[in-house]
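Below: the structure, in structure tokens.
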Amino acid sequence: MVSRVIPVDVFDLVVFGGTGDLARRKIIPALYRRFRAGQMIEGSRVIGSARSDFDTESYRAFVAEAIDEFIADHASETVAAFLKSVHFVKLDATGKEGWADLAKLMRKDVVQAFYFSVAPSLFGALAERLESHKIATADSRIVVEKPFGRDLASAKELNATLEAHFDEHQIYRIDHYLGKETVQNLMAVRFGNVLFEPLWNALFVDHVQITVAETVGVGGRGAYYDRSGAMRDMVQNHLMQLLCLIAMEPPARFEPDAVRDEKLKVIRALDPVRHDQIVRGQYKADGEQQGYLEDVEHPDSLTESFIALKVHVSNWRWKGTPFYLRTGKRLKARMSEIVVAFKPTPHSIFDEEAGSKTNVLTIRLQPNEGINLRVTIKEPGPGGMRLVDVPLDMTFADALGPVAREIPDAYERLIMDVIRGNQTLFMRGDEVEAAWAWTDPIIESWTSRGSRPHPYDPGTTGPEDSLMLLHRDGRRWREIEDYGTD
Ligand code: NAD
């Protein structure tokens, strides 16, 4: 199978914050890969912009270094060709300097996109100047990164700031989880097959688990992270988006607003979460590394580096099926997966010795993206009927060969979607606000009680109490395991 590359229209993409960490690690490598694949065609330009003292020549050297560092196999001729499309404009988001230069450089007859890879406090200044310097057009797109606020009030403020200068159809709020191949495959599996959808409800699904586990601690982001915590940093956005894609009704068409309308309905159907359905944790120190409290330099911090929650979606489809969410740092392995655990058969025709198994659909986001369905069969051989469950494995790298090995990074797909003008995989303003409206009371419930996160050992699955969250319902988390690399 050969993957098809459909080139996008010629574009000017301005990366505000073009010398920052996100630009270096994600945006530049993503653009280079799309250039190499032939999707970004001649004539398109990447315009880095920042306050830093660069010009086009030195910025090209910066871009070449980023490619060197983050892309293992790159040919020097391709890099040289890509660099010709790279430019730099020095400007201050909050000042006057540089804006006239940017206005002069931009073309009105190509797709224009502006990536706000800067702190959210600068979004307003950038949006305002793009309008007042008549740089943006009615068709320009702006791309913004999380965090979209830290509660409902600040999210509303941020949305209002952007919407004062751009229409909603121009605003692309990135959640890179939505750019992952498997996440889109989840929609293909659900809505492209007749097999799953009739079973996709509380009658047949026992429960759903969503796990995003990291092995790293907060690292150098301690001060930032401590103001946020796992609930704000991961659950309100990434885990919530995954939950929406599992729980949503089939949209009439695979179109941006049709999909986002359905996701929004899920968020609005989420029950408030009682405090006994929440477990929070903080990683301890081990022999080699500091604990959370030392990492954030705040010995009394009550911020969580781990959270597990039991969530209910109150609608006809899901009433009674719990969704268990968990995410944390310094855990046993790095992995993100969704588990849809089906109920047992209504009646077993086999005797007790045969045992019983249930179907489990696992959607692995990282590492080693793929989908796995466990089905029950007879254990081969004589000796009577004994049931075993075996995996029907759709690890993309095995099933699809070279195409899967070329799975684009989430940023590659999402940036190309911006240029194509397709908002399906981006969050709409009302979705973000609805997610905060659900999150705020949860955070408030532990803040008002001054509750302290449970310390947990690094390299484990988090606090013991998170196991109890399922045990007391007669269920178990799937193991947090290392599934290889990606
Ligand atoms: P960074 O601090 O590394 O880079 C910030 C960039 O903004 C630099 O290029 C800097 O020169 C520029 N800048 C700062 N003030 C400016 C001003 N007044 N005028 C013009 N340019 C200015 O930050 P980052 O890690 O690249 O993150 C950028 C944004 O993306 C932040 O909002 C961050 O929360 C978000 N984000 C980053 C990551 C990541 O992996 N780094 C992940 C998700 C979201």
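All ligand and atom numbering here is 1-based and tracks the order in the structure. Computed from a predicted model, the values in this text were never measured in an experiment.
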Subject >> Electrostatic pair Lys90-Asp53, nearest N-O below 4.0 angstrom >> reply: yes
**OP:** Can you sort out which atoms of ligand 1 are near Ala119, meaning under 4.0 Å from one of its heavy atoms?
**Re:** 32 (O)
Original post:
Any idea which of Gly18, Ser117, Gly98 brings a heavy atom closest to atom 28 (C) of ligand 1?
Top reply: Ser117
Original post:
With a 4.0 Å cut-off on heavy atoms, does Pro147 reach ligand 1?
Top reply: yes
Original post:
Are any non-hydrogen side-chain atoms of Arg280 and Met231 less than 4.5 angstrom apart?
Top reply: no
Subject >> Arg51, portion touching ligand 1 at heavy-atom distance under 4.0 Å >> reply: both
Original post:
Above 12 or not: heavy atoms from other molecules or residues under 6.0 Å from CD of Glu297?
Top reply: no
**OP:** Indicate the ring-plane relationship of Phe123 and Phe116, choosing parallel, tilted or perpendicular according to the 30° and 60° boundaries.
**Re:** tilted
Subject >> Within-cutoff protein neighbour (heavy atom, under 4.0 Å) for atom 2 (O) of ligand 1 >> reply: no
**OP:** Answer yes or no: does atom NZ of Lys156 have more than 12 heavy-atom neighbours from other residues, nucleotides or ligands under 6.0 Å?
**Re:** no
Original post:
Who gets closest to atom 19 (N) of ligand 1 by heavy atom: Ala93, Ala125, Pro120?
Top reply: Ala93
Original post:
Polar-atom distance check: Gly20 versus ligand 1, any N or O pair below 3.5 Å?
Top reply: yes
Subject >> Option nearest atom 27 (O) of ligand 1 (shortest heavy-atom distance, choices Thr19, Asp21, Val144, Leu22) >> reply: Leu22
Subject >> Trp99 and Phe16 aromatic ring geometry - parallel, tilted or perpendicular at 30°/60° bounds >> reply: tilted
**OP:** Please write down residue, atom name and distance for the protein heavy atom closest to atom 18 (N) of ligand 1.
**Re:** Asp92 OD1, 2.9 Å
Original post:
Just heavy atoms, cut-off under 4.0 Å: does Arg25 contact ligand 1 by side chain, backbone, both, or neither?
Top reply: side chain
Subject >> Result of checking Glu255, Arg260, Glu168, His169 against Gln423 for side chain to side chain donor-acceptor pair (under 3.5 Å) >> reply: Arg260
Original post:
What class does the angle between the rings of Tyr115 and Tyr411 fall in, given that below 30° is parallel, 30 to 60° is tilted and above 60° is perpendicular?
Top reply: parallel
Original post:
Polar-atom distance check: Ala23 versus ligand 1, any N or O pair below 3.5 Å?
Top reply: no
